Every structure is written in C-alpha cells, then in structure tokens.
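This report refers to the structure that appears directly beneath it.
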Amino acid sequence: MLPGSIQITGEALSGAEIKDICDSLKENSVRLLSVRGCQLSDRDFGRVCRGVAESHSLAQLNLNLGVVSTIGRTKQLADALKANRSLQTLFLHGSPLLDAGLVTLNGALSTHPSLVSLDLGDCMLGDEAVRLICGMLPPDGAKSGLKELTLSANPAVSTQGWARLAIAVAHSSQLRVLNLDYNPLGERFSAVLSISVLKTLQILQVFLDMVENYPTSLRVLVLAENDISPELQQQISDLLSEGEEEEDKDGEAHGRLVTPREKPAWVPHNSSSSQMVLMTSGLGESFLAETEM
C-alpha cells in the first residue's frame with residue numbers, strides 16, 4: 001500500500017485523532033501530513049513530533065498558521081527532525097519562531113539529509129535567523145542544500161540581513177526558488193549598504209549584482225509587493241536574457257520578466273523557462289504541492 005496523506009485545517013484535534021495520526025506515522029503509511037492552523041495540546045504536539053521522528057515515509061510536513069506556537073514546541077520539532085531522515089518539505093509559515101526559534105531549529109535543519117524545501121514566511125525573523133539560513137545555502141560543491149526557500153513577510157530583517165542572503169544565494173549551486181514577497185525591499189525603504197565584498201549598493205541592486213556577476217542557479221525570484229521601480233525590473237530581466245544566442249545552441253530556454261498585467265497564479269517549477277523574476281504575486285508551487293499555505 002502506497003503512503004497517503006492526512007490533511008486537516010483549522011480544527012481542534014482530539015486525543016483520539018492524534019493517536020490515529022501517530023499510528024499512521026509509525027506504520028509508514030503517511031507521505032504528507034498537514035495540520036495547518038489546528039489546535040492541539042502541548043502533550044499531543046509532542047506525540048506528533050515523536051511520530052515524525054519515527055516515520056520513514058513522511059516527505060512533507062505542514063505546520064503552518066501557528067501550530068508551532070512556543071519555544072517548547074520548537075525544541076520538540078527540532079528533536080524530531082534530528083531523528084527523521086525522509087522529510088523533504090517543511091512548512092512553518094505563520095509561526096512566531098523569532099530568531100530564538102531558528103537558533104533552536106538550526107542544527108536539525110542544516111544537517112537534515114533530505115530537506116530541500118523550507119517555508120519560513122511570516123515567522124517574525126530577523127538578521128540572526130537570516131545568518132543561520134545562509135548556512136543552509138552552501139557554496140558550490142560544498143554539500144547539498146535547500147532548493148526552495150520562502151522568507152515572505154519577514155519585515156524585521158534589515159538591509160544588511162538581505163544583503164547577506166543575496167551573497168549566499170549568489171554562491172549557492174542548489175537554490176532554484178526564492179520567495180521574498182511582502183518584505184520592504186523597495187528602493188524607497190532601502191538604505192545604502194557598505195559591504196566588504198561588494199561595492200555600495202541598494203538592496204535590490206545587490207540582487208542585480210548577484211544575477212550579473214555570479215553563475216547563480218536560481219530559477220525563480222519572487223519579489224511581489226516590494227515597490228521596485230520598472231527600471232530596476234528591466235535591468236534584472238535584461239541580465240537574465242543575456243547570452244540568449246549561446247544558450248539557444250544548447251537547447252535551453254531563457255528567463256523573462258513576468259509583468260503585473262500577466263498576474264500568474266503560480267510558477268511551474270518544471271517549466272521550460274530556465275530563469276524568471278516574478279514581481280507580481282505570492283508563492284510558487286512547492287516541490288510537493290499537495291497542500292496550500
């Protein structure tokens with residue numbers, strides 16, 4: 001029997017329901033577990049975490065919308081992730097993790113052997129969290145790392161924090177999708193940065209420098225709701241399109257700028273477009289896009 005899915009949204013889970021979930025995890029009959037926005041006791045949350053730790057089939061875990069609500073639960077989740085070896089995608093969108101939560105999770109996340117997609121949107125993160133996240137984007141050839149990262153709606157991150165992330169992305173050979181929508185990255189907000197390895201740049205210009213000067217593997221860059229000028233959008237789009245004739249000879253397609261008029265609902269990860277800058281709306285599909293945020 002192939003592993004199935006358990007998807008529950010916004011409900012108060014009883015002890016009996018938690019037992020059924022845990023039994024299924026331990027029997028390796030669950031590939032996708034989503035309890036987004038659900039209410040459960042600390043004791044029951046611990047039981048679910050122990051089930052995650054023992055599961056060999058679980059590939060996607062959705063704990064969005066405040067399920068991981070305390071540092072105690074964050075520690076329990078970290079312990080589960082240290083034992084688990086199968087998880088590929090983890091959703092924690094809308095969890096009040098703060099930097100302290102990322103410090104707690106960092107060891108488990110950065111050493112997990114299978115994790116390739118991580119959603120930390122709206123988690124109240126700051127610069128310390130971003131510094132730790134950069135460690136999950138290792139330089140080319142160092143080790144495997146994240147392929148999809150969501151940091152939407154974390155406005156407490158400073159321009160220095162975003163610049164640090166830009167440098168990590170520039171050197172990462174793994175990352176394919178980066179969601180930064182609903183962050184104050186626009187030119188009106190951006191202060192002038194002074195970074196030893198880069199000339200003085202505004203925050204979006206840091207990403208421009210990344211595209212221009214580094215052989216990045218990034219394929220999708222989501223920058224919606226960030227007040228970015230049309231001129232800068234065009235610069236990034238032009239850079240993604242450079243070298244078109246040479247790449248055409250190799251049979252590869254090229255990036256393009258998706259304008260607000262097009263308003264795509266999502267960006268397919270396996271599309272023929274090799275690079276894309278999305279300035280319009282929200283999250284792309286996840287690697288295991290079987291649940292919503």
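Since the structure is predicted, the reported quantities are computational estimates derived from the model, not experimental observations.
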Original post:
With respect to L178, which candidate in L137, L149, L146, T150 satisfies the side-chain contact (heavy atoms from CB on, under 4.5 Å) definition?
Top reply: L149

Original post:
Got a donor-acceptor contact below 3.5 angstrom from the S57 side chain to the V30 backbone?
Top reply: yes

Original post:
Any side-chain heavy atom of V157 sitting closer than 4.5 Å to one from L151?
Top reply: no

Subject >> Inter-residue atom distance Q60.CD - S34.OG, 0.5 Å rounding >> reply: 7.5 Å

Subject >> N64 (side chain) donor-acceptor with L92 (main chain) under 3.5 angstrom >> reply: yes

Subject >> Heavy-atom donor-acceptor pair, R31 side chain to N28 backbone, under 3.5 Å >> reply: no

Subject >> Linked, directly or transitively: L13 and V52 (ILVMFWY side chains, under 4.5 Å) >> reply: yes

**OP:** Take V35 and V48, measure what side chain to side chain contact (heavy atoms under 4.5 Å, CB included) needs, and give me the verdict at the end.
**Re:** CA-CA 10 Å; V35 290; V48 171; 5.8 Å; no

**OP:** Check for a donor-acceptor pair, side chain of S114 on one end and backbone N or O of Q88 on the other, with a separation under 3.5 Å.
**Re:** no

Subject >> Test salt bridge (Lys or Arg N to Asp or Glu O under 4.0 Å) applied to K19 - qualifying residues, sequence neighbours left out >> reply: D23

**OP:** Identify whether L77 and L132 are in the same connected component of the hydrophobic contact network (ILVMFWY, side-chain heavy atoms under 4.5 Å).
**Re:** yes

Original post:
Where do I133 and L125 land on the side chain to side chain contact (heavy atoms under 4.5 Å, CB included) test, with the steps shown first?
Top reply: CA-CA 10 Å; I133 291 166; L125 304 181; 4.1 Å; yes

Subject >> Same apolar cluster: L63 and I8, side chain cutoff 4.5 Å >> reply: yes

Original post:
Which heavy atom of L32 sits nearest a heavy atom of Q7, and at what distance?
Top reply: CD2-CG, 3.5 Å

**OP:** State, to 0.1 Å, how close A108 and A78 come at their nearest heavy-atom pair, and which atoms those are.
**Re:** CB-O, 3.5 Å

**OP:** Hey, could you give me the CG/CD distance between L165 and Q160, rounded to the nearest 0.5 Å?
**Re:** 13.5 Å

**OP:** Can you see which heavy atom on H56 is nearest to which on S86, and at what distance?
**Re:** O-CB, 3.4 Å

**OP:** Please name the pair of heavy atoms, one in C49 and one in A80, separated by the smallest distance, quoted to 0.1 Å.
**Re:** O-CB, 3.2 Å

Original post:
V103, V68: one ILVMFWY side-chain cluster at the under-4.5 Å cut-off?
Top reply: yes

Subject >> Chi angles and distances behind the side chain to side chain contact (heavy atoms under 4.5 Å, CB included) call for L102, L120 >> reply: CA-CA 10 Å; L102 252 291; L120 296 174; 4.2 Å; yes

Original post:
Do S29 side-chain atoms and L25 backbone N/O form a donor-acceptor pair below 3.5 Å?
Top reply: no

Original post:
Are any non-hydrogen side-chain atoms of T159 and W162 less than 4.5 angstrom apart?
Top reply: no

Original post:
Nearest 0.5 Å, what's the SG-CD1 distance between C38 and I21?
Top reply: 7.5 Å

Subject >> Pair D20-I6, side chain to side chain contact (heavy atoms under 4.5 Å, CB included): steps then yes or no >> reply: CA-CA 10 Å; D20 289 342; I6 299 174; over 6 Å; no

**OP:** Can you measure from NE2 (H93) to CG (D122) and round to the nearest 0.5 angstrom?
**Re:** 5.0 Å

**OP:** Give the minimum heavy-atom separation between F45 and Q76, together with the two atoms involved.
**Re:** CD2-OE1, 3.3 Å

Original post:
Just one of H112, E148, M136 clears the side-chain contact (heavy atoms from CB on, under 4.5 Å) bar with L118, so which one?
Top reply: M136

Original post:
Using a distance-only test with no angle check, is there a side-chain donor-acceptor pair under 3.5 angstrom linking S152 and N179?
Top reply: no

Subject >> Nearest heavy-atom neighbours spanning P113 and N84 >> reply: CD-O, 4.5 Å

**OP:** State which residues pass salt bridge (Lys or Arg N to Asp or Glu O under 4.0 Å) with D44; sequence neighbours excluded, sorted by chain then number.
**Re:** R47

Subject >> Note, L115 side chain near L81 side chain (heavy atom, < 4.5 Å) >> reply: no

